[in-house]
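Hydrogens, waters and symmetry mates play no part in the numbers below; they use all other heavy atoms, side chains included. Order of the sequence lines sets the chain letters (A, B, ...), proteins ahead of strands, with each chain counted from 1.
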Amino acid sequence: MSDISITLPDGSVRSLPEGATGTDLAASIGRRLAKDAVVVEVDGEPRDLAAPLPDGATVRIVTDREPDAAEYLRHSTAHVLAQAVLELWPGATFAGGPAIENGFYYDFELPGGGTFTDEDLERIDAKMREIIAADQPFERFELPIGEARELMADHPYKRVFMDLAASGDDADGEVGGGDTISFYRNTPAFVDMCLGPHVPSTGRLKHFRLTRHGGAYFRGSEANPMLQRVYAVAFPTKAELEEFLHRQEEAAKRDHRKLGVELDLFSFPEEVGSGLAVFHPKGGIVRRLMEDYSRQRHEEAGYEFVYSPHITKADLFQTSGHLDWFADGMFPPMELDPHGHDQGDGGGEEGTGTSYYLKPMNCPFHILIFRSRQRSYRELPLRMFEFGTVYRYEKSGVVHGLTRVRGMTQDDAHIFTTKEQMTDELGTILAFVLDLLRDYGLDDFYLELSTKPEGKAVGTDEEWAEATDALRRVAESMDIDLVLDEGGGAFYGPKISVQARDAIGRTWQMSTIQVDFQLPQRFDLSYVGADGERHRPIMIHRALFGSVERFFGVLVEHYAGAFPAWLAPEQVRVLPVADAHADHAHAVAHELRGHGFRVAVVGADETLGNRIRRAKGEKLPYVLVVGDDDVAHDTVGVNPRGGEVERNVPLQSFAERLAGDIASKR
RNA sequence: GCCCGAGUAGCUCAGUUGGCAGAGCAGCUGUCUUGUAAACAGCAGGUCGUCGGUUCGAUUCCGACCUCGGGCUCCA
C-alpha cells in the first residue's frame, strides 16, 4: 500500500497511508489537535474529518478555537434541533436550517398546522441534550436524485429544494450542484439532506441556547406557506455563549423604548395610533438641540431652508411616480367633495372630486420650488433643506419603537446640480454627512451601495449604471468599507447608505444619499446653461438622520440614555445639603443659568443620599452638592456622571469645565 | 399583512374550580434638616385594553377589535 503526502498550512509535508482521513491526520500530529478538530479544509474546500484525503492535497485542520469553526458547529447543532423536533412531533416535516450570525435556525411544519410554544422550546432543548449525550455520529452518504426523492418522501419541502437545484436554482444552498445529493445520517431514523461538512459526532456540540420561535414564510416569500421557525445561538465555548447572552442583556437595558419611559422622553399614546410618537418636554429638549445643531451646520454648508405642507393633491404623486411605485407605503387618500364635479384638477375619477394624500416623501415639493421660476446654472448646486414630516402606512407587524414609525420627520435635502458637478457634490455631501454624524458621537461607519431594484424601478439601464458608478467612485474615495446591496435602491435611483456602529457594536442604517435622474425628467426640470440652452439638472436626495425619530432612538441606545452634556435635558442639578444652604444653591443655579446651562435645584425635603440616587437614575452629567463649606467659600461639591466626587471646587472652574464638555460635545 | 404571545394603579409585577382588586417603587400630606446611590408615618390612586357573548354573577370562560412584544415579509 502506497502512502499519500499531505501539505499542512505551515508548508510542512506529512506522509500517511492511503485512505487516511482528516481524523488520522490530526491524530498523527497530536492528541490535543485530534480532540479539538471540527472539520478539515482540503485545498480550501471544507470536508468531514472522516473523509479520505486525496494524495497531494493541502489540508488545514479547523479546530474549535478558530473563528470559522463556529459555523460548522452551528450547522451541526441545527441538525440536532431537527432531529429533536421530528422525534417529539411525529408527522412533522422540516425545510431548511442554516447557520446564521451567532447561531442557527430550522424551519418546520408541525402536524395539523401546529405551532411552537415557549414551553416547547424547553422540551426541544432537553431532547437535544439527550441526542448530544448519546454522541451520535454524523455519517455522510450520497444518492442519485431519484433515490434521494424517495428517501425524502415524507418531506415535501426538502424535495422542493432538490427540484429547485435540479433546475439550476440552489439559492438556498441546501443541495449543491452535483448529480447526487448528499445526506447525513445520525440514527437509523434520522437523516437530513445536507451539503456538510459536519462535526464527527453530536457529542462535540454543547454550548447552545434556543432563543425564539416564530412564523417564517418558506423561502422567505409571502406567496409560500408559513412554517414554524426555531432560533438558537451557539458557540464553540461556554464562555463565548455566556458573553453573548450577557451582551444581549446589556443591549436590552439600552432599549430606547424602555429608556424613553424611564427618562420621560417620549411615548406612543394608544389614542393617537400605532407608530405615532409624542415627545415629552425632556425628549423635546434633546430633539430640539439635535435639530438646532443640524440647522446651523446645514446653513454653514450652503443649504437653504424650505417648508412644505403635509398633504397634497393626488396629481403631484401621480407625476412623481409615487402612486405607481410607492402606493402601498402611503396612507389611503382623503376624498374631498366626493359628490361634486370634477374640477379638472385630476386626482380622481370623473365626477368624484379630488383626492388628497398625506405625503410619504418631501421630494416633489422641493421640485416644485425649483420649478417655480426659471433657473440658471449660476444657482447650481442648489441645496434645499427641510425638516419635513412625512407619513407612511407601514404594515401593522413592522412598527417598532422610534426606529420604525408611521409619522416621522426627515432631515431631508434635495440638491439640484449639473451633470458635471454631480460627482464633486456627492463627495462633498458624503464628507459633510460623516463629519456631522461624528459630532453626534457616532464615528465607526461602513457604506452600503444599493443598486437597481429589478422589476420595480423607473429609468433606463444606462442611467442607472451612470448614477451607480458616480456613487461608487465617491464611496471608494472615502477610505471606509463599502459593501454592495444588490437591488436595494429606491425606485428612482441608486443610493449610498451610511451604516454606523454604536457603543456596543450594533449597526444602524443612518444617512442615505440617492442620485435621481428620473424625477427631473418626470417634472421636466431645466436650467439655463452658460450656452444659453436649457439643460436637465440632476437631483440628489439625502437625509442624514434618516428620520429624526430613528436617529433619536439610536442616540438613546448609543448613549444608554446618558446623553453628553450638550444634549442632556438637564445638565446640572444642585442639591443643598440642608434648607440652610438653599439660598446658596439657588445662587449657584442662577450663576450657571447665566452661562446658558440647563440647571435645576432640588431642595432638602429628602435625604441627600436619596436625591443623589434619583439624579444618578436620571443619568445627569453633573450633580452639585452645596453645604456649609461651599456657602463659606463660594464653591461646590462636584459629583460627575461616571467619575469621582470632588469637594470645594470653585464655581467658576466648574462652569469652565462644563462649558468645555459642551463645546467638545462630550 | 402573516404566525405566536401579552395587555391588572404613572412604572415593575402578584392575583385558579367565575363571588366586592393586591405589593413595591413613583405621587400627595405631614414629621425629619441631612456632605454624596433608598429617613419615618399617613393618604390617595384601577370601567383589570375596548366592545360584544355565556352566566344569578366575568379581571377570570368565548368571540371580534385595538395596542404592545417576538418572528416572517418590508423599510428612514
Side-chain angles (χ1 to χ4, degrees), chain A residues 105 107 110 113-120 211-231 255 257-258 261-262 264 267-276 326 328-329 360-361 388 390 392-406 408-412 450 488 490 495 497 508-512 514 541-551 553-554 575-582 603-617 623-630 636-640 644-648:
Chain A
Y105 67 79
D107 288 341
L110 299 182
T115 58
F116 293 115
T117 64
D118 292 352
E119 292 71 35
D120 288 338
T211 51
R212 301 182 221 284
H213 59 89
Y217 298 112
F218 179 55
R219 303 189 70 234
S221 167
E222 284 175 284
N224 288 336
M226 178 157 285
L227 305 177
Q228 298 302 315
R229 177 172 295 179
V230 176
Y231 279 96
D255 191 316
R257 295 167 298 183
K258 177 179 153 73
V261 174
E262 288 174 5
D264 198 13
S267 61
F268 292 91
E270 191 173 329
E271 294 84 342
V272 178
S274 179
L276 298 167
F326 201 72
D328 287 351
M361 293 189 194
V390 299
R392 297 186 184 175
Y393 188 73
E394 299 293 345
K395 289 191 287 187
S396 61
V398 308
V399 171
H400 181 94
L402 287 174
T403 60
R404 196 73 185 274
V405 293
R406 284 179 167 169
M408 62 175 151
T409 301
Q410 298 182 308
D411 59 331
D412 207 2
S450 302
K495 68 179 179 191
S497 47
W508 304 85
Q509 178 173 329
M510 309 269 52
S511 319
T512 60
Q514 308 181 335
H541 307 238
R542 51 106 288 189
L544 191 150
F545 295 156
S547 80
V548 178
E549 287 79 3
R550 172 179 288 183
F551 196 69
V554 171
L575 307 179
V577 171
D579 283 345
H581 315 110
D605 291 340
E606 288 178 290
T607 60
L608 182 62
N610 201 29
R611 285 178 289 154
I612 299 269
R613 179 177 147 271
R614 285 171 188 272
K616 293 294 177 185
V623 178
L624 302 185
V625 175
V626 293
D628 289 338
D629 297 349
D630 301 297
V636 293
V638 179
N639 187 333
E644 296 294 311
V645 171
E646 297 163 47
R647 292 286 302 273
N648 306 312

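Nucleotides B:rA14 and B:rA9 place their P atoms 12 Å apart, quoted to the nearest Å. To the nearest whole angstrom, the two P atoms, one in B:rC65 and one in B:rG57, are 26 Å apart. Remark: the separation of the C1' atoms in B:rU55 and B:rU60 is 13 Å, to the nearest Å. Across B:rA26 and B:rG52, the matching C1' atoms stand 36 Å from one another, rounded to whole Å. Between B:rG71 and B:rC62, the distance separating the two P atoms is 27 Å to the nearest Å. Separation of the P atoms belonging to B:rA21 and B:rC2 is 37 Å when rounded to the nearest angstrom. Spacing of C1' atoms, B:rG45 relative to B:rA23, comes out at 14 Å, to the nearest Å. Rounded to the nearest Å, the gap between the C1' atom of B:rC13 and that of B:rA6 is 13 Å.
Using a 30° and 60° split on the angle between ring planes, A:F551 and A:F545 fall in the parallel class, below 30°.
Within the 3.5 Å criterion, the main-chain N or O of A:D411 finds a donor-acceptor partner in the side chain of A:R542. With hydrogens and angles disregarded, a donor-acceptor distance shorter than 3.5 Å links the side chain of A:R611 to the backbone of A:G603. Judged by distance alone, the side chain of A:R404 and the main-chain N or O of A:V399 form no donor-acceptor pair under 3.5 Å. Under the 3.5 Å distance criterion, the side-chain polar atoms of A:R406 are left unmatched by any main-chain donor or acceptor of A:L276.
Using a cut-off of 4.0 Å between Lys/Arg side-chain N and Asp/Glu carboxylate O, A:K395 and A:E222 are scored as salt-bridged.
Nucleic acid contact for A:D629: base, since at least one base atom lies under 4.0 Å from a heavy atom of the residue. Nucleic acid contact class of A:G388 (heavy atoms, under 4.0 Å, all strands): none. Residue contacts for A:G637: at a heavy-atom cut-off of 4.0 Å it reaches a base atom on one of the strands shown.
Between A:F116 and A:A578, the residue whose closest nucleotide on RNA chain B is further toward the 5' end is A:F116. Residue-to-nucleotide proximity on RNA chain B shows that, of A:V399 and A:D630, the 5′-proximal contact is made by A:D630.
The nearest whole Å value for the distance from the CD atom in A:E271 to the C1' atom in B:rU67 is 10 Å. In this entry the distance linking CZ of A:F218 with P of B:rC3 reads 19 Å, nearest Å. Between the CZ atom of A:F268 and the P atom of B:rC68 there is a distance of 8 Å, given to the nearest Å. Counting to the nearest Å, the P atom of B:rA37 and the CD1 atom of A:I612 are 6 Å from each other. One atom, CG of A:D255, and another, P of B:rU12, lie 12 Å apart when rounded to the nearest Å. One atom, CG of A:D118, and another, P of B:rC3, lie 18 Å apart when rounded to the nearest Å. A straight line from CG of A:L110 to P of B:rC3 spans 15 Å, rounded to a whole angstrom. Protein atom CG of A:L575 is 19 Å distant from nucleotide atom P of B:rU33, rounded to whole Å.
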With sugar-phosphate taken as primed atoms, P, OP1 and OP2 and all else as base, the protein-contact string of nucleotides 71-76 of chain B at under 4.0 Å (heavy atoms; B, S, -) is BBBBBB
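Closest to the side chain of A:Y393, out of B:rU67, B:rG1, B:rU36, is B:rG1.
Side-chain atoms of A:H581 and A:D630, non-hydrogen and from C-beta on, never get closer than 4.5 Å to each other. Side-chain contact between A:K616 and A:N639 is present, with heavy atoms from C-beta onward closer than 4.5 Å.
Residue A:R257 has a polar side-chain atom (N or O) positioned under 4.0 Å from OP1 or OP2 of B:rG69. Applying the 4.0 Å criterion to OP1 and OP2 of B:rG1, one finds that A:S396 has a side-chain N or O inside that range.
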With the criterion being N/O to N/O and under 3.5 Å, what pairs connect the protein with nucleotides 24-32 of chain B, and how long is each?
| unit_1 | atom_1 | unit_2 | atom_2 | d |
| --- | --- | --- | --- | --- |
| B:rG27 | OP2 | A:R614 | NH2 | 3.3 |

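For the residue pair A:G488 and A:K495, the shortest heavy atom distance occurs at O-CE, 3.7 Å. The two residues A:F326 and A:P360 come nearest to each other via the heavy atoms CE2-CB, 3.6 Å.
Across the strands present, B:rA6 finds its partner in B:rU67; the criterion is a Watson-Crick or G-U wobble pair with both atom distances under 3.5 angstrom. Remark: B:rU59 base-pairs with no nucleotide; criterion is Watson-Crick or G-U wobble with both hydrogen-bond distances under 3.5 Å. Under the Watson-Crick or G-U wobble criterion, with both distances below 3.5 Å, B:rA39 is paired with B:rU31.
Both tests hold for A:R229 against A:Y105: distance to the six-membered ring centre under 6.0 Å, angle to the ring axis within 45°.
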